[in-house]
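Right, one structure below, let's go through it.
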Amino acid sequence: MEITNDIRYVGVNDHKIDLFESQYAVPHGMAYNSYVIVDEKTAVMDTVDRRFTQEWLDNIEKVLGDRKPDYLIIQHMEPDHSANIKVFMDKYPEATIVSSAVAFNMMKNFYGDNYTDRRIISKEGETLSLGRHILHFVAAPMVHWPEVMITYDETDKVLFSADAFGKFGANDTPDDNWADEARRYYIGIVGKYGEQVQALLAKAGGLDIQIICSTHGPVLKENLGYYIGLTNTWSSYAVEDEGVVICYTSVYGHTREAALLLQKKLQEKGCPAVPIYDLARDDMHKAISEAFRYGRIILATTTYNMGIFPPMETFINNLKERSFQKRKVGIIENGTWAPKAKKIITDMLSDCKDITFCQNNVTLKSAMNAQSDAQLDALADEIMQ
């Protein structure tokens, strides 16, 4: 695929993977992106997952023909992008590898060699000339590993962004909603590091970017303000859309009944969106991303072994691990003889920044009744304010 006159796509699509990083469901597969810049000198940007070694090498040869690559630029050391370093460097013994100092330390650990005789250590603000193309290196530590750098081609105004602006899904699947899969990807994988992403966006703001080439997902060429704006929203933990997300667990169905009834009440009051997730059955990582999408969330669960039902505990811990903040939280608790869920949830979220807890929460003692129905009305009114 031609990206510009001199830049070609040589990545691969993975339709056999079921869980990315062994935890994120990817029903539409995954893309491992790599690029070649063809100039007086040629540079390959990143490698791909080890299961696609030969396909990737074949793609490079189709682009370069009899030419040999001069540089391999490694922006990120996760194995889905670095797994073929050794294969590449063995195949092309005259090539030089370009990466950050921290990346070369990781390279030694992963692959047994840090190429001291065939390397350039890239530093913030340094450049590499390929001839017509001048590459600028920008440090991006903790987006989302400490060694990450991104590369800006000033000639074609292309940002090679490593994992930034990535998404789940193979590139040859039917068009889907970029925002949904990019949000789930960002919140799940990068969400903890909003401060670092904000720092990177500030650096990128000084560049004239016309194309974004991530290591996952499609090449972005149009409406870049939309993609950059969403990434800014996610990394600043701002509210993306108005609505209330309801996340619940239910053992015998009574807490579920309350959650569904609250959903109905909120819809009747004109709430623009009320998505609801059963944390024991639905995609938890989708629910996590929705918790960051909307500004208000209802957590409904049962007291269980003097704690809370395990999927809810896992869910809240996932929110905390991703720096959950700036949200309004309402609680529905259920406990036949000693309901404790409200206190446990409040305590778990107490160290999150800028969390506002609703005062009109709901306590069920087994099943719904007139009193708990009135409490749901009060909670609906408060969460809508």
Side-chain angles (χ1 to χ4, degrees), residues 9-14 16-24 26 30-37 41-64 67-124 126-128 130 135 137-151 160-164 166 189-190 193 196 213-216:
Y9 180 84
V10 292
V12 300
N13 291 299
D14 183 357
K16 293 183 179 179
I17 188 171
D18 59 341
L19 295 175
F20 183 71
E21 292 191 350
S22 295
Q23 60 177 317
Y24 302 101
V26 282
M30 202 70 196
Y32 310 114
N33 295 339
S34 175
Y35 310 89
V36 174
I37 306 173
K41 299 284 189 178
T42 61
V44 177
M45 306 296 300
D46 298 299
T47 84
V48 300
D49 188 87
R50 64 182 180 179
R51 293 174 294 118
F52 298 90
T53 300
Q54 194 57 54
E55 181 180 348
W56 175 66
L57 292 174
D58 290 345
N59 289 345
I60 294 172
E61 289 185 0
K62 287 175 185 176
V63 169
L64 293 182
R67 293 188 65 179
K68 305 300 182 187
D70 296 288
Y71 299 105
L72 174 63
I73 299 175
I74 296 294
Q75 302 182 109
H76 181 25
M77 277 300 298
E78 276 195 285
D80 55 333
H81 309 301
S82 70
N84 289 292
I85 289 175
K86 186 177 187 307
V87 172
F88 181 94
M89 297 301 279
D90 288 346
K91 181 176 177 64
Y92 301 110
E94 302 302 317
T96 299
I97 190 165
V98 183
S99 202
S100 67
V102 179
F104 281 114
N105 292 335
M106 293 182 178
M107 219 171 285
K108 179 76 171 178
N109 295 334
F110 269 119
Y111 309 117
D113 198 343
N114 59 3
Y115 301 97
T116 54
D117 59 335
R118 302 169 58 192
R119 76 183 188 188
I120 295 174
I121 297 177
S122 58
K123 297 179 182 178
E124 173 86 26
E126 292 186 341
T127 62
L128 176 67
L130 302 180
L135 306 182
F137 300 116
V138 181
M142 299 316 301
V143 185
H144 55 110
W145 277 23
E147 86 297 357
V148 175
M149 69 174 185
I150 63 174
T151 307
F160 297 95
S161 62
D163 274 356
I189 295 172
V190 191
Y193 304 107
Q196 289 82 358
C213 292
S214 174
T215 47
H216 295 296

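For the single chain, residues carry numbers from 1 onward in sequence order.
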(request) Given side chain to side chain donor-acceptor pair (under 3.5 Å), test Asp163 with Thr215 step by step and report yes or no. (result) CA-CA 5 Å; Asp163 274 356; Thr215 47; 2.6 Å; yes
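- Taken to the nearest 0.5 Å, the CE atom of Met30 stands 11.0 Å off from the OH atom of Tyr24.
- By the ring pair (Phe, Tyr, Trp, His ring centres under 6.0 Å) test, Tyr71 pairs with no residue at all, sequence neighbours left out.
- Among pairs with a residue in residues 73-104, those fulfilling ring-ring contact (aromatic ring centres under 6.0 Å, His included) read Trp56-Phe88, His76-His81, His76-His144, His76-Trp145, His81-His216, Phe88-Tyr92, at least two apart in sequence or across chains.
- The shortest heavy-atom contact between Ile85 and Thr47 is N-CG2, 4.0 Å.
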(message) Is there a side chain to side chain contact (heavy atoms under 4.5 Å, CB included) between Glu124 and Val138? Walk through the geometry before answering.
(response) CA-CA 5 Å; Glu124 173 86 26; Val138 181; 4.1 Å; yes
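- For Arg51, the salt bridge (Lys or Arg N to Asp or Glu O under 4.0 Å) criterion is met by Asp14, Asp49, not counting sequence neighbours.
- With sequence neighbours excluded, the residues satisfying ring pair (Phe, Tyr, Trp, His ring centres under 6.0 Å) with Tyr9 are Tyr35.
- To the nearest 0.5 angstrom, Ile60 atom CD1 is 8.0 Å from Leu72 atom CG.
- With values rounded to the nearest 0.5 angstrom, Asp46 atom CG is found 9.5 Å from Phe160 atom CZ.
- With contacts defined as side-chain heavy-atom distances shorter than 4.5 Å, the pair Gln75/Ile150 qualifies.
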(message) Set out, in order, the CA-CA distance, both residues' side-chain angles and the distance that settles side chain to side chain contact (heavy atoms under 4.5 Å, CB included) for Ser99 and Met107, then state yes or no.
(response) CA-CA 10 Å; Ser99 202; Met107 219 171 285; 4.3 Å; yes
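- Of all heavy-atom pairs between Ser34 and Val48, the closest is CB-CG1, 4.1 Å.
- Side-chain atoms of Asn33 and Cys213, non-hydrogen and from C-beta on, never get closer than 4.5 Å to each other.
- The backbone N or O of Lys123 sits less than 3.5 Å from a side-chain atom of Glu126, completing a donor-acceptor pair.
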(request) For side chain to side chain contact (heavy atoms under 4.5 Å, CB included), just list the numbers for Asp80 and Phe20, CA-CA rounded to whole Å, side-chain angles, deciding distance to a tenth of an Å, and then say yes or no. (result) CA-CA 10 Å; Asp80 55 333; Phe20 183 71; 3.6 Å; yes
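- Between Ala103 and Glu147 the shortest heavy-atom distance is N-CB, 3.5 Å.
- Heavy-atom minimum distance, Leu135 versus Ile37: CD2-CD1, 3.9 Å.
- Residue pairs meeting the side-chain hydrogen bond (donor to acceptor under 3.5 Å, both in side chains) criterion with at least one partner in residues 109-121, sequence neighbours excluded, are Ser82-Tyr111.
- Gln23 is linked by a side chain to side chain donor-acceptor pair (under 3.5 Å) to nothing, counting only residues two or more places apart in sequence or in another chain.
- Rounding to the nearest 0.5 angstrom, the gap separating the CE atom in Met149 from the OG atom in Ser122 is 3.5 Å.
- With values rounded to the nearest 0.5 angstrom, Lys86 atom NZ is found 14.0 Å from Lys91 atom NZ.
- Once rounded to the nearest 0.5 Å, the distance linking CG of Asn59 with CG of Leu64 reads 11.0 Å.
- For Ala43 against Leu130, the heavy-atom pair with the smallest separation is CB-CD1, 3.9 Å.
- Here the closest non-hydrogen pair linking Ser214 and Ala164 is OG-O, 3.2 Å.
- A donor and an acceptor atom, one from each side chain of Asp58 and Gln54, are located under 3.5 Å apart.
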